[in-house]
Structures are given as C-alpha cells and as structure tokens.
2 protein chains.
Amino acid sequence: MQGITGQELSSKKAEYLKYIHMQGDVVKTTEIAAHFSVAPSTVTKALTEIARAGYIEHTPYHGVRLTSRGTEYARFLVRRHRIVALVLSRHGLEPEEACREAKKIEQCFSKDLTDRMCTSLGHPMMSVCGEIEHDHRCCGSPGGYRG
Amino acid sequence: MQGITGQELSSKKAEYLKYIHMQGDVVKTTEIAAHFSVAPSTVTKALTEIARAGYIEHTPYHGVRLTSRGTEYARFLVRRHRIVALVLSRHGLEPEEACREAKKIEQCFSKDLTDRMCTSLGHPMMSVCGEIEHDHRCCGSPGGYRG
DNA sequence: GAAGAATTTAGATAGACACCAAATCCGGAG
DNA sequence: CTCCGGATTTGGTGTCTATCTAAATTCTTC
C-alpha cells in the first residue's frame with residue numbers, strides 16, 4: 001500500500017493515463033492527441049510530466065508505456081470511474097448517462113471516498129460500463145469478495 | 001427559468017457566493033477573507049468578477065450584497081450541496097463526513113445531474129446538513145413534494 | 001482633520017491547459 | 001545508403017484561476 005489519494009494527477013493527465021491503460025502496450029502521441037482532440041504538442045507536454053511522476057515510461061519519438069506504478073494507478077482510475085458511474089446509475093441515470101456523467105465528476109473523488117462507496121455498495125463486481133476489479137486490499141476489503 | 005448549469009462560477013467563487021448568502025445582507029471583504037483564510041486582495045478580485053457576472057452588487061469599500069440572481073444561484077448551490085451530501089450519506093458516510101466530502105466534490109455536479117439525483121431521492125426535505133429547499137419547478141418537480 | 005483600519009489597486013507568481021511555429025527525429029522509398 | 005515526409009518534440013505564448021505582497025486609497029472615529 002503506497003497510499004493513492006486520487007489527486008496525484010490533474011484530471012487531464014489522469015484521462016490520458018486511463019486511455020493509455022485501455023490501449024495497452026505502447027501508445028503513440030498522435031493517437032492520444034487524436035483521441036482527445038488536442039494538438040500533439042499538448043500531449044507531449046503532459047506525457048513528459050506524467051513520466052516525470054513515474055506513471056509511464058516515455059521514449060521520445062517512440063511512444064509511452066505504463067510503468068507498474070502507472071498500471072496500478074490506472075486500475076484505480078478505472079475502478080473509481082466504474083464505482084462513480086454505478087452510484088449515479090443508482091440515482092436515476094441510465095447506464096449510458098451514468099458513464100458519461102461519471103467522466104465529468106470522477107476526478108473529484110478521492111480514493112478514500114471511492115473505497116467507502118465501494119464498500120457501501122457491497123464491493124459490486126459489475127458497473128454500468130464494465131467489471132469492477134477489486135485488487136488485493138483495494139478498499140479495506142472485509143474479506144468477502146476475495147475467495 | 002434562466003437555465004442554471006451549475007458551472008457559471010468557478011468553484012472558489014461559488015464558495016464565496018454561498019458564504020455571502022449564508023451571512024445574509026451586506027458582507028465585508030475582510031470577513032470573507034478571514035473565513036477562507038486568504039488575503040483580502042484575493043477576495044476583492046474575486047468579488048469584482050462575481051459582481052461583473054451579476055450575482056452580487058459590490059460597493060467598493062462597503063461590502064457586497066446578493067442580487068436576486070445571486071440569491072437564486074446561491075440557493076441552487078446550497079441545494080446542490082445538500083443533495084450531494086445526502087447521496088454520500090446514503091453510501092456509508094456519517095453526516096459530518098458526508099457534508100465535508102460534499103464540499104470537495106459538489107462543484108462538479110451540474111444542475112441537471114443535481115436535479116436527477118434529487119428526483120431519484122424523492123425530493124427529500126432534509127439532508128444531513130440542513131433542509132433542502134425545492135423552489136418552484138426546481139427539478140422538474142413531479143408535483144409530489146409541494147403540497 | 002488626521003491617525004489608523006479596511007479595502008482596493010498594481011504587479012508578480014504559479015499551475016494547468018491549450019495553441020502555433022520551428023526544429024528534430026525516424027522510417028521507408030528509391 | 002540517403003533523403004523526404006510524417007511524427008514528435010521544443011520553445012514561445014496566451015488564457016484562466018487563484019494567490020500573495022506592497023503601495024495607494026478610502027472610510028471612520030476620535
């Protein structure tokens with residue numbers, strides 16, 4: 001446990017990281033730039049900073065790849081997204097909407113809060129936009145979902 | 001209906017506005033500065049901008065007062081805070097915590113989303129930190145809570 | 001009317017995010 | 001093996017939000 005707070009990366013950088021995670025393996029600058037509709041230079045700058053923070057390995061001109069720390073963090077980001085989406089879906093939003101709205105607000109949720117909600121939901125396995133991974137002691141797991 | 005989105009003011013400005021609303025009548029710069037632990041000049045700048053946006057009336061050297069538009073907006077902010085806090089309290093947080101956490105995340109919630117959650121909660125009258133006002137057609141009120 | 005407190009103005013800093021233009025690198029065509 | 005063009009990075013800027021300090025201004029009270 002290295003103490004993720006959920007605020008380590010700015011929201012844009014977190015989005016980039018999540019995207020890199022979803023694409024897997026090596027991801028190119030242009031690909032990210034296209035996906036988020038921003039100039040490649042904007043991405044390069046962000047990537048440099050994310051790399052400096054230790055979440056990715058950036059080989060100039062050759063793309064980036066997650067470090068193990070980045071992978072772990074990205075997993076948290078995905079899990080947070082899905083839990084937030086699930087909470088929203090429990091409050092009247094359709095799956096599509098819940099996922100869309102979750103993207104807008106998830107960056108505000110700390111790991112702690114995410115874990116609390118996860119626990120209160122009973123560590124659900126599924127959200128409205130995918131499975132929820134409950135790694136090791138992801139949220140003070142009361143030991144119910146692991147075995 | 002003038003279409004509040006919930007993103008009209010930056011989060012700090014919204015906090016200032018909410019505070020002004022809670023204090024009622026004329027509020028002085030120093031008071032706000034002390035409450036938020038920032039320099040008075042920081043507050044002056046923010047106030048100037050909030051006034052430019054039409055939410056308050058700023059009489060230099062004499063403090064600020066909400067305009068009717070500001071009052072309406074502040075009410076939305078308070079209602080949003082309480083609904084968010086209520087949602088959090090439904091997910092395992094103690095009242096105190098729910099209120100505290102809500103302050104950190106509420107600025108992300110659009111009016112639309114707030115209304116959706118409000119509806120799904122059945123337009124509750126009470127939250128964990130105060131009453132929830134359901135003005136006129138605040139959230140597409142299905143006419144259940146008013147009479 | 002002047003001292004002293006409150007407030008505002010002006011000028012700086014800092015972080016996040018974005019863009020453009022120019023330089024640089026890389027890989028494939030020849 | 002060289003060279004071109006596309007991909008990428010660099011460097012320079014701009015915007016926005018939020019802060020601060022120091023200096024100027026205004027108000028209030030004696």
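Between Y16(B) and Y19(B), the ring centre distance reaches or exceeds 6.0 Å.
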At a cut-off of 3.5 Å, list every protein nitrogen or oxygen paired with a nitrogen or oxygen from nucleotides 9-11 of chain C, distance to 0.1 Å.
residue	atom	partner	partner atom	Å
dG11(C)	O6	K45(B)	NZ	2.7

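Note: the hydrophobic cluster containing L66(B) also contains M22(B) (ILVMFWY, side chain heavy atoms under 4.5 Å, direct or indirect links). Hydrophobic clustering places Y55(A) together with V27(A) (ILVMFWY residues linked when any side-chain heavy atoms are closer than 4.5 Å, directly or through intermediates).
One can place CD of Q7(A) at 18 Å from P of dG15(C), the figure rounded to the nearest angstrom. In this entry the distance linking CD of Q107(B) with P of dA18(D) reads 11 Å, nearest Å. dA18(D) atom P lies 9 Å from atom CD of E15(B), rounded to whole Å. Regarding H62(B), its NE2 atom lies at a distance of 5 Å from the P atom of dC27(D), rounded to whole Å. One can place NZ of K12(B) at 15 Å from C1' of dG15(C), the figure rounded to the nearest angstrom. In this structure, L47(A) places its CG atom 13 Å from P of dA18(C), rounding to the nearest Å. Separating the NZ atom of K28(A) from the C1' atom of dT9(D) is a distance of 13 Å, rounded to the nearest angstrom. In this entry the distance linking CZ of R52(A) with C1' of dG15(C) reads 11 Å, nearest Å.
Between V43(A) and Y16(B), the residue anchored nearer the 5' end of DNA chain D, judged by the nucleotide with its closest heavy atom, is V43(A).
Residues K111(A) and E8(A) are not paired through a salt bridge, judged by the lack of any N-O separation under 4.0 Å between the basic side chain and the carboxylate.
Expressed to the nearest 0.5 Å, how far CD1 of I56(A) lies from CZ of R69(A) amounts to 12.0 Å.
Residue A39(B) is in base contact, counting any heavy-atom pair closer than 4.0 Å across all strands shown.
Under a 3.5 Å cut-off, the side chain of R80(B) and the backbone N or O of G6(B) do form a donor-acceptor pair. No donor-acceptor pair closer than 3.5 Å links the side chain of Q107(A) to the backbone N or O of A14(A).
A close approach under 4.0 Å does occur between a side-chain nitrogen or oxygen of H58(B) and OP1 or OP2 of dT8(C).
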